[in-house]
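For this chain, numbers begin at 1 and follow the sequence in order. Worth saying up front: this structure is predicted, and the values here are computed from it rather than measured.
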Amino acid sequence: MRHMVGIKDVARHAGVSVGTVSNVINRPDMVSEETRRRVQSVIESLGYVRSESARQLRVGRSRIVGLLVLDMGNPFFVDVARGAERAAREAGLGVMVCNSAQSPGEEADYLSLFAEQRVRGVLLTPADATGRNIDAFRRHGIPFILVDRVAEGTTECSVSVDDVAGGALAVRHLIDAGHRSIAYVSGPPGLNQVIDRRTGALNALDEAGLGPERLRELPTERLDVTAGRDAGARLLGLADRPTAVFCANDLLALGVLQAMFAAGVSVPDDLAIVGYDDIEFAAAAAVPLTSVRQPAVTMGALAAELLLEETEADTAPAAHAHRRVVLQPELVVRRSSLPPR
């Protein structure tokens, strides 16, 4: 087994003390230019990489931020991660990205891993609707920010989008296009985002003087294309099939669109479709998809900035005030929901 190069090896080859090597790495202004160059040359030739775990033990602070999302197969969360990573990198930090796969059990495992690794803080989109995982993690004293979820009933910071407003935008658009019978392909019923988007849809119906029975809900176990295809098949089997469908995210909407194509159902002439998130694939679909746009990159960046602000204020807690940042969605209209000419 190859010997792992340590700081003592660098000191021996450079003919200096371990403290001098440490200063070259952490406080280079304290070392003469000649010594600094000699030590850096040895570091490069030996391939020395400092031990982050050892550094954490010395200074008591990690340079790693944990990010736990519902589904890294969803481009929306990829964009959230991109925004968070960009903000963290500018602050000299790294991001450990983990995927709960919408499973409360996997979420609990990853939160335990973050605690074991003593990460600087965590950006979390919860999978556990009961809040038990969050309560257990809170005991570790590691700061966390809720992402794509309002921090209701908690004191933590959160960055989210107004999903009630987003659901209303989607269904109001369909009502304005003349639809009076609308399906809601909703995803797992316990997710707050699913609940809020349904609330917005019902609000839009109420505004138009239409009853809640006009919204036919088709729940799914997951928020992916396969679940959307399954929901599309169920939709096709309804005797009184709605003329429009609002989906809780774009992956579900793309699955519904595939099911309609396979059955020879014309979109939007026979069925109008609206998605949610406005991922890149929405505009590139065979029938470009109308969608409620969420500012995902901005959401990730703001969440990371709030976390950095909170962790920097550790020594002066009064310097940080917990905040709930709520961003506004935007409806992007494309061909999948346009009324027939």
Point-to-point distance, once rounded to the nearest 0.5 Å, from CZ of R138 to NE2 of H140: 12.0 Å
Steps toward side-chain contact (heavy atoms from CB on, under 4.5 Å) verdict (I145, E156): CA-CA 6 Å; I145 309 293; E156 283 77 26; over 6 Å; no
Cation-pi check, R198 onto Y184 ring (under 6.0 Å, within 45° of axis): no
Side-chain donor or acceptor of S22 paired with backbone N/O of V18 under 3.5 Å: no
Note, L327 side chain near D162 side chain (heavy atom, < 4.5 Å): no
Side-chain donor-acceptor contact under 3.5 Å, Y110 with N99: no
Non-hydrogen side-chain atoms of I182 and R214 separated by less than 4.5 Å: no
Evaluation steps, salt bridge (Lys or Arg N to Asp or Glu O under 4.0 Å), between R89 and E85: CA-CA 6 Å; R89 188 176 66 244; E85 190 274 337; 2.6 Å; yes
Worked check of side-chain contact (heavy atoms from CB on, under 4.5 Å) between T125 and L146: CA-CA 6 Å; T125 303; L146 297 179; over 6 Å; no
Heavy atoms of other groups near E34 CD, more than 12 under 6.0 Å: no
Passing candidate, side-chain contact (heavy atoms from CB on, under 4.5 Å) with L124, options V147, N133, I134: I134
Any donor-acceptor pair under 3.5 Å from D163 side chain to G166 backbone: no
SB check R323 E309 (cutoff 4.0 Å): yes
Minimum heavy-atom distance S160-R149, with the two atoms named: CB-N, 3.6 Å
From S158 atom OG to L123 atom CG, the distance as rounded to the nearest 0.5 Å: 12.0 Å
Residues R334 and D278 bridged, charged N to O under 4.0 Å: yes
Short N-O contact, R132 and D135, less than 4.0 angstrom: no
Side chains of S186 and E217, donor plus acceptor under 3.5 Å: yes
Side-chain heavy atoms of L271 within contact of V245, under 4.5 Å: yes
Heavy-atom side-chain contact between M299 and V161 under 4.5 Å: yes
Atom of A286, atom of F261 and distance for their closest heavy-atom approach: CB-CE2, 3.6 Å
Smallest separation among heavy atoms of P242 and A183, with atom names: CB-N, 3.8 Å
Ion pair D240/R216, N-O distance below 4.0 Å: yes
Whether R335 side chain and P288 backbone form a donor-acceptor pair below 3.5 Å: no
Any side-chain donor near an acceptor of the partner, D128 and T130, under 3.5 Å: yes
Within 6.0 Å of CZ in R139, more than 12 heavy atoms from elsewhere: no
E33/R37 salt bridge by N-O under 4.0 Å criterion: yes
Residues T20, M30; criterion side-chain contact (heavy atoms from CB on, under 4.5 Å); working and verdict: CA-CA 9 Å; T20 297; M30 297 182 64; over 6 Å; no
Modelled atom types, side-chain donor and acceptor of Q294 and D277, under 3.5 Å: yes
D250 and S291: side chain donor to acceptor below 3.5 Å: yes
Distance in Å, T311 OG1 paired with F144 CZ, rounded so as to fall on 0.5 Å steps: 14.5 Å
R172 and D176 ion-paired at < 4.0 Å: no
Shared hydrophobic cluster, V333 / I279 (ILVMFWY, side-chain heavy atoms < 4.5 Å): yes
Donor-acceptor pair, side chain of R222 and main chain of G187, under 3.5 angstrom: no
Salt-bridge present (E312, R120; N to O < 4.0 Å): yes
Exercise: identify the closest heavy-atom pair between L236 and A259: CD1-O, 3.9 Å
Closest non-hydrogen atom pair, L338 against P268: O-CG, 3.2 Å
Connected via hydrophobic side-chain network under 4.5 Å: F281 and V267: yes
Distance-only donor-acceptor check, side chains S100 and S103, under 3.5 Å: no
Nearest-0.5 Å distance, CZ of residue R197 to CG of residue N249: 7.0 Å
Separation between CG of L46 and CD1 of I7, rounded to the nearest 0.5 Å: 12.0 Å
Straight-line distance of T220 OG1 to L251 CG, nearest 0.5 Å: 10.5 Å
Crowding at CD, E221 (>12 non-hydrogen neighbours, <6.0 Å): no
hydrophobic_cluster_shared for V292 and V332, side chain cutoff 4.5 Å: no
Side-chain donor-acceptor contact under 3.5 Å, H173 with S337: yes
Considering all heavy atoms, the nearest A204-I175 contact: O-CD1, 3.7 Å
Same apolar cluster: V16 and V42, side chain cutoff 4.5 Å: yes
Steps toward side-chain contact (heavy atoms from CB on, under 4.5 Å) verdict (I273, L289): CA-CA 7 Å; I273 302 176; L289 186 66; 3.7 Å; yes
More than 12 heavy atoms from other groups under 6.0 Å of CD on E280: no
